[in-house]
Amino acid sequence: MTAKNHSVKTRFAPSPTGYLHIGGARTALFAWAYARRHGGTFVLRIEDTDVARSTPEAVQAILDGMQWLGLAHDEGPYYQMQRMMRYKEVIGQMLAAGTAYHCYTSKEELDALRAEQEAKKEKPRYDGTWRPESGKTLPTPPSGIHPVVRFKNPTAGVVAWDDQVKGRIEIANAELDDFIIARADGTPTYNFCVVVDDWDMGITHVIRGDDHVNNTPRQINLLEALGAPVPRYGHLSMILGDDGTKLSKRHGAVSVMQYDEDGYLPEAVLNYLGRLGWSHGDEEIFSMTQFVEWFDLDHITSSAAQFNTEKLNWLNAHYIKLADDARLGQEIHRRLARQGVENTASPDPGEIAALYKDRVSNLNELADSAHAFYVAPHASAELKAQHLTEAAKSALKDLRSRLASADFSPEVLGKTLKETLAATGLKMPQVAIPLRVVLLGQPQSPAIDRVLAVLGRTEVLRRLDQAL
RNA sequence: GACCCUAUCGUCUAGAGGCCUAGGACAACACCCUUUCACGGUGUGAACCGGGGUUCGAAUCCCCGUGGGGUCGCCA
């Protein structure tokens with residue numbers, strides 16, 4: 001913390017009621033990048049005050065997601081449930097200062113009030129029954145009822161802030177009501193905890209989702225009532241599903257870990273997310289180092305962006321091409337093991353990766369391609385009928401005898417193949433395609449001489465003998 | 001319903017009054033490369049939501065519509 005720039009401190013504050021999904025991941029990425037860009041501090045805060053819906057599994061899932069993406073926090077994770085004493089202290093202070101008050105209106109009365117207002121097509125809001133006002137006589141508190149604590153929101157004027165991504169936003173105080181900051185059981189509510197935390201933790205830039213725009217004026221009022229500094233706010237627009245509708249489990253509101261499961265590299269997801277709703281001219285492909293160097297709030301799009309799987313696929317293909325063979329080999333091993341294929345030591349999965357990495361756009365595809373190297377595939381009857389003609393078979397026999405003694409380097413294998421072509425008078429595809437069908441169970445593959453080399457003499461001969 | 005935000009190719013976007021006969025990328029299509037399939041390369045088609053202003057000049061500024069999104073909990 002010593003070398004940190006204290007003029008910038010951002011936070012990511014998820015509530016552990018589910019996994020880290022793609023929208024949350026982008027919010028985290030932007031908050032993280034902003035802190036990194038300015039040499040500041042990135043705080044992780046777990047907002048777990050909803051005891052009924054928060055789970056330790058969800059906390060872990062969020063931590064796992066952040067780790068997979070490589071978004072390391074500098075402070076935290078803080079847990080709001082561990083800060084209860086502090087919240088209660090501040091509530092006491094506000095009550096004493098008269099910036100908050102007890103309200104005895106019951107839930108039932110509130111529901112009735114809301115129903116009534118909705119029937120009249122009005123905006124539902126608290127009616128201010130228990131709000132103290134100079135010269136106003138308050139009702140007598142009913143006995144046996146635990147009151148909630150409400151914030152005494154200003155009634156006049158506007159709350160305004162220069163949103164770092166959307167520009168100036170103004171909301172009339174008349175639109176706001178006296179919201180509850182502590183429940184009847186004494187536990188504080190969301191808007192209140194956020195304010196105390198942002199204040200105590202010295203957050204300078206609140207970068208969060210669009211869905212919080214309406215909370216911001218309340219939080220600013222609260223901060224001002226507390227005499228706390230008001231951070232800068234930047235509200236990120238939402239990510240929409242592939243079909244332009246709200247993100248759902250069907251298309252993207254799944255855990256970021258699902259992307260790992262589905263064969264995506266974290267750097268591809270990061271690059272994709274970074275470019276979704278943010279731009280640096282025409283730049284499409286950038287590392288996180290580069291992203292951090294370029295990142296700013298001025299170039300964030302203020303409208304919602306539609307998620308596009310095809311573009312993610314393209315980036316994934318790009319990063320797979322760039323990835324280290326050994327790393328890809330491990331991915332092959334891991335993914336094949338999940339399918340029950342354990343013996344992936346020979347051939348070296350890294351060598352298979354080298355063969356396929358520039359042909360696939362997904363790690364699962366890569367693993368699928370590697371599968372045939374470990375488990376001898378069965379070509380379909382149609383495929384065999386189509387490609388394993390008598391001419392092809394005799395050519396393969398010729399090749400088999402040459403392969404028995406040939407050196408298994410791609411160079412020599414290439415020459416050996418040509419010898420068979422010369423001996424049989426066939427063209428390369430007439431031999432190579434049947435050979436692929438026999439060896440890998442399908443008519444397409446990378447350069448056949450390289451496939452032979454990776455598969456190795458023993459296995460090649462075995463598969464050839466099996467088929468002829 | 002009220003309030004807030006928003007609107008450029010199918011999609012992500014560049015664009016901050018003249019550089020725009022609107023640029024890039026994904027996707028699509030065509031061609032090239034090729035030992036098959038891919039990769040790759042080259043190219044083509046494709047957009048400023050509508051209407052009013054302001055201005056010598058508007059994709060860019062203002063207003064009104066319309067479309068989209070968000071929020072209206074003792075949830076976060």
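From a predicted model like this one, the values you see are computed outputs, not experimental measurements.
- The nucleotide whose nearest atom lies closest to any side-chain atom of A:Ser15 is, among B:U35, B:U36, B:A76, B:A76.
- The pair A:Asp210-A:Lys166 meets the salt-bridge criterion, with a side-chain N (NZ, NE, NH1 or NH2) lying under 4.0 Å from an Asp/Glu carboxylate O.
- Between A:Arg114 and B:G73 there is a side-chain N or O to OP1 or OP2 distance below 4.0 Å.
- For the pair A:Tyr101 and A:Pro147, the minimum side-chain heavy-atom distance is 4.5 Å or more.
- More than 12 heavy atoms of other shown residues, nucleotides or ligands fall within 6.0 angstrom of atom CZ in A:Arg125.
- Classification of A:Asp127 and A:Arg114 as a salt-bridged pair fails, no side-chain N sitting under 4.0 Å from a carboxylate O.
- Under 4.0 Å is where a charged nitrogen must lie from a carboxylate oxygen, and between A:Asp449 and A:Lys418 no such pair does.
- Under the salt bridge (Lys or Arg N to Asp or Glu O under 4.0 Å) criterion, A:Arg208 pairs with no residue at all, not counting sequence neighbours.
- Ionic pairing of A:Arg11 and A:Asp197 is not present here: no N-O contact between side-chain nitrogen and carboxylate oxygen is shorter than 4.0 angstrom.
- Distance, A:Asn173 CG to B:A2 P: 21 Å, rounded to whole Å.
- B:C64 and B:A22: their C1' atoms are spaced 26 Å apart (whole Å).
- A perpendicular orientation is assigned to the rings of A:Tyr356 and A:Phe373, their planes being inclined by more than 60° (bins at 30° and 60°).
- Judged as a ring-ring contact (aromatic ring centres under 6.0 Å, His included), and not counting sequence neighbours, the contacts of A:Trp294 are A:His280.
- The P atoms of B:G24 and B:C20 are separated by 12 Å, rounded to the nearest whole Å.
- Classified by interplanar angle (parallel below 30°, tilted 30° to 60°, perpendicular above 60°), the ring pair A:His318/A:Trp314 is tilted.
- Of the P atoms belonging to B:C9 and B:G51, the separation is 16 Å, rounded to the nearest Å.
- When Watson-Crick and G-U wobble pairs are counted only if both distances are under 3.5 Å, B:U60 pairs with no nucleotide at all.
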Using atom names, set out every protein N or O paired with an N or O of nucleotides 41-47 of chain B below 3.5 Å, distance rounded to 0.1 Å.
none

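- Rounded to a whole angstrom, the distance from the P atom of B:G69 to that of B:A76 is 26 Å.
- Cation-pi geometry between A:Arg218 and A:Phe151 is not met at under 6.0 angstrom from the ring centre and within 45 degrees of the axis.
- A:Leu297 places its CG atom 20 Å from the P atom of B:A16, with the value rounded to the nearest Å.
- The CD atom of A:Gln386 sits 15 Å away from the P atom of B:U36 (whole-angstrom rounding).
- When both distances must be under 3.5 Å, the Watson-Crick or G-U wobble mate of B:A2 is B:U71.
- Ring-plane geometry between A:Phe307 and A:Tyr272 is classed as perpendicular, the angle between the planes exceeding 60 degrees on a 0 to 90 degree scale with a lower cut at 30.
- The side chain of A:Trp314 approaches B:A27 more closely than any other nucleotide in the set B:A27, B:U36, B:G1.
- Atom pair A:Asp177:CG and B:C74:P shows a separation of 9 Å (rounding to whole Å applied).
- Counting only N and O atoms by type, the side chains of A:Arg335 and A:Asn364 include a donor and acceptor under 3.5 Å apart.
- Electrostatic pairing of A:Arg402 and A:Asp398 counts as a salt bridge here, judged by a charged N lying under 4.0 Å from a carboxylate O.
- Using the Watson-Crick or G-U wobble rule with both distances under 3.5 Å, B:A28 pairs with B:U44.
- The side chain of A:Arg436 lies closest to B:U35 when the candidates are B:U35, B:A2, B:A76.
- With C1' as the reference atom, B:A16 and B:U60 are 7 Å apart, rounded to whole Å.
- With P as the reference atom, B:G40 and B:C26 are 9 Å apart, rounded to whole Å.
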Got a list of protein N/O to nucleotides 20-22 of chain B N/O distances below 3.5 Å?
none

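- B:U8 and B:G68: their P atoms are spaced 14 Å apart (whole Å).
- Rounded to a whole Å, the OH atom of A:Tyr87 is 11 Å from the P atom of B:A76.
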Item to check | Protein proximity profile, nucleotides 4-14 of chain B - base contact B, sugar-phosphate-only contact S, no contact -, cut-off 4.0 Å on heavy atoms | outcome: SSSS---SBSS
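- A:Asp242 has its side chain out of reach of A:Glu310: every pair of non-hydrogen atoms, C-beta onward, lies at least 4.5 Å apart.
- As rounded to whole Å, 11 Å separates atom P of B:C74 from atom CG of A:Leu113.
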Which pairs, protein N/O on one side and nucleotides 62-68 of chain B N/O on the other, fall under 3.5 Å?
none

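- Comparing the P positions of B:G67 and B:C29 gives a spacing of 34 Å, expressed to the nearest Å.
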